[in-house]
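Note that the coordinates shown come from a computational prediction; the quantities given were computed from them, not determined experimentally. Every chain is numbered from 1 and lettered A, B, ... according to where its sequence line falls, protein lines coming before strand lines.
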Amino acid sequence: MKKKQKLRDFLREWDEGNFDFSYKTAEKQLKKRPDEPDSAGRNEAASPVISAAQSEERLFRRLVPVFTGIFLFAVIGFLLYVVTKMPAFGSAETPANTSEVIRRYLQSGLTETGAVNAVAGIILDYRAFDTLGESHVLFTATIAVLILMLLGKEEDEPADELRILHQDLILRNTAKISVPFLFVFGIYIILNGHLGPGGGFSGGAVIGGALILYSTAFSAQNLKKILNLRSYRIIVIAALSFYSIAKCYSFFCGANGLETIFTPGTPGRIFSAGLILPLNAAVGLVVACTMYGFYSVFTRGRI
Amino acid sequence: MLQALWNNRIEVAAVILFAVGLTTLLLHKNLLKKIIGLNIMDTAGYLFLTSLGYIEGRLAPIITDGSTDPERYVNPLPAGLVLTGIVVSVSVTAVMLALTLRLYRRYHTLNLDEIYKMVHREQEEEP
C-alpha cells in the first residue's frame, strides 16, 4: 500500500518535470520544509523525507533497466518484423538493385569515368562531392579532438606512456621489418584504387597504421622530424584544397561542356580515369595523417 | 515467418548486432562501454547496408574484362555509402573519446552517475 503511494508520488513528480534524478530531492525538501507554517515537527519529519527520497531513488534505479528492456524488446521486435517484410537476401529483383541509377553507373561508368573499379568511379567521380564532405568530416574531427585535448592541458606534460615499448626488442625488430612493406602496400592500395579493390580510405588507413607502429616501436621524436603539427597542417590543408580546386575545375568544365585536361583515358592503365588517381592520393594523405593524429593526440597529448 | 527470417538471415544478424549495441549503450554506466556499444551499432548499420547490395551469384563491380552488362555485377552503391558511414563513425568515436578523456581528467571517474552527482554538487556550491 505504502509502496504504491510512493510509486504514484514518484511518477507524478516525474510527470510534472521537477524530478531531477533525486540527488537533490531530499535536500530540496529539507530546505522547503522550514518555510511552511506548520514547521513544528520538522526534525522528526526530515528523516522520513530523506528515506522516502532514497527509496524513490532506489526504485528509479531498479525501474530504469526494466523500462529500458521493454523499450529494447519493442525496438528489436519492430525491426525483426520489418526484416520479415523485406525481399529475400541476395535476390536481384529488389528495388535497390534494379534502380536506374545502378544500371547507369555500371553501363557507362567505364567510358565516362575510366575507372575499372566501379565503386571508385562512383565515390570519386559521380559522387565526388560526397567524398569531399567525408574528408572534411575527418578534418573537422581532428580539429575538435585537438581543441579538446590541447586546451586546458595540465602544466606538467604527461610523459610518453609508451616509452617502455621503445626498448622492446620484439616490437622494434618486427616494426623494422614490416614498416617499409606496410608503407609500400599502402601506397600500392592508394595508386591502385581505380584499377581494383582499394582507394584512398583503405590505403590511408594502412599508411596510418604503419605510422602508428613506427611511432610505438621507436620514439615519436624520430617521426616528429617529418610529421609534426606544422607539417600535419600543411599536408592536410594542401590535400583538401587540391581536392576542392580540382573538383571545382572539373565541375565547371563539365557543366559548361568545355574540354578538360583530365580525360578518362584508357581504362586499365595506371594513368587513366582522370581525376580519380590524384583525388585518391589526396584522400589517402588526409586519412593517414588523421589516423596518426588521433593516435598521437590520445597517447601523447600532442601531434 | 521463420522462413522469411531465414531468407533475410544477414539482416537478422544486423538487427541482433544493433540490439546488442543499443543495450550496451543504454544499460552501461561506463562511458567507454557506451562508446563501444555505439560502435557495435555502427557495425550493424554497415552489415545491413552491404547485405542490401549483394546479389546471389554475381561478381564484384570491378570491370576487368570490359563487359559493362549490369546483370553481371552486384550493386556498387551500398559500398560507397558504407564508406561514408565508416568515416563518420571513426570521427564521432574520436570526438567522443576526447570528451570522455576530458571528463575523466576533471572527475577522475568514468561512471556517468558519479559524474552527474559531482556536477549537481558543483552546481549547488556555485551560486
Side-chain angles (χ1 to χ4, degrees), chain A residues 20-21 23-24 27 65 68-69 71-72 75-76 79-80 83-86 88-92 94 96-97 101-103 105-111 116-119 122-123 127 130-131 133-135 137-138 140-142 144-145 148-149 152 154 196-197 199 201 267-268 287 290 294 297-298, chain B residues 1 3-5 7-12 14-16 18-19 22-23 26-27 51-58 60-64 66 68-81 83-84 86-88 90-95 97-99 101-102 105 113 116-117 120-121 124:
Chain A
D20 51 349
F21 290 93
Y23 293 120
K24 296 192 296 179
E27 293 160 61
T68 318
F71 170 71
L72 283 168
V75 168
I76 296 161
L79 288 177
L80 282 178
V83 165
T84 61
K85 299 285 170 195
M86 277 172 50
F89 172 69
S91 74
T94 63
N97 293 340
V101 182
I102 311 297
R103 298 184 70 83
Y105 282 159
L106 284 173
Q107 262 172 351
S108 38
L110 193 65
T111 47
V116 171
N117 182 355
V119 179
I122 289 172
I123 64 167
R127 297 181 174 226
D130 178 18
T131 311
E134 275 172 59
S135 314
V137 165
L138 274 176
T140 318
T142 325
V145 169
L148 282 168
M149 302 299 292
E154 286 96 37
F201 287 100
V287 172
T290 308
F294 282 159
V297 166
F298 279 122
Chain B
M1 183 79 177
Q3 188 58 42
L5 281 178
N7 284 341
N8 288 315
R9 50 199 177 277
I10 310 287
E11 283 92 339
V12 171
V15 168
I16 291 169
F18 185 85
L22 194 61
T23 315
L26 289 181
L27 286 181
S51 75
L52 287 183
Y54 178 71
I55 301 171
E56 198 85 49
R58 293 202 190 172
I62 293 166
I63 308 164
T64 43
T68 54
D69 179 18
E71 305 295 323
R72 280 192 70 199
Y73 302 105
V74 300
N75 190 345
L77 200 51
L81 299 181
L83 196 67
T84 313
I86 291 172
V87 169
V88 172
V90 166
S91 311
V92 170
T93 307
V95 175
L97 284 173
L99 286 169
L101 207 58
R102 286 302 294 269
R105 273 189 198 159
D113 286 350
Y116 266 133
K117 261 183 212 170
H120 276 295
R121 219 172 291 148
E124 268 176 12

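The candidate from B:L52, B:I16, B:V12, B:I62 with the greatest count of non-hydrogen atom pairs under 4.5 Å with chain A is B:I62. Options A:V287, A:I123, A:V145 differ in how many heavy-atom pairs under 4.5 Å they form with chain B, and the most are formed by A:V145. Contact count against chain A (heavy-atom pairs under 4.5 Å) is highest for B:S51 among B:A79, B:S51, B:G57. Of the listed residues B:L99, B:L101, B:L83, the one with more heavy-atom pairs under 4.5 angstrom with chain A than any other is B:L83. When each of A:V137, A:T140, A:T131, A:I102 is checked for heavy-atom pairs under 4.5 Å with chain B, A:I102 comes out on top. Chosen from B:L27, B:L77, B:V95, the residue pairing most often with chain A at heavy-atom distances under 4.5 Å is B:L77.
Annotation for B:A94 and A:F294: closest pair CB-CZ, 3.4 Å, computed over non-hydrogen atoms. In this structure, A:L106 and B:V74 approach most closely via the heavy-atom pair CD1-O, 4.1 Å.
Panel note: side chain B:N8, backbone A:M86; a donor-acceptor pair is recorded below 3.5 Å.
Only the side chain of B:I10 comes within contact range of chain A, judged by heavy atoms closer than 4.5 Å. Looking at A:T84, both its backbone and its side chain come within 4.5 Å of chain B, counting heavy atoms on both sides. At a 4.5 Å heavy-atom cutoff, the contact between A:N117 and chain B is made by backbone and side-chain atoms alike. Only the side chain of B:V15 comes within less than 4.5 Å of a heavy atom in chain A; its backbone stays farther off. For B:L97, the parts sitting under 4.5 Å from any heavy atom of chain A are the backbone and the side chain alike.
Of the candidates B:L26, B:L22, B:T23, B:L26 is the only one forming a side chain to side chain contact (heavy atoms under 4.5 Å, CB included) with A:T68.
Legend: residues meeting side-chain hydrogen bond (donor to acceptor under 3.5 Å, both in side chains) with B:N75, ordered by chain and number and at least two apart, are A:N97.
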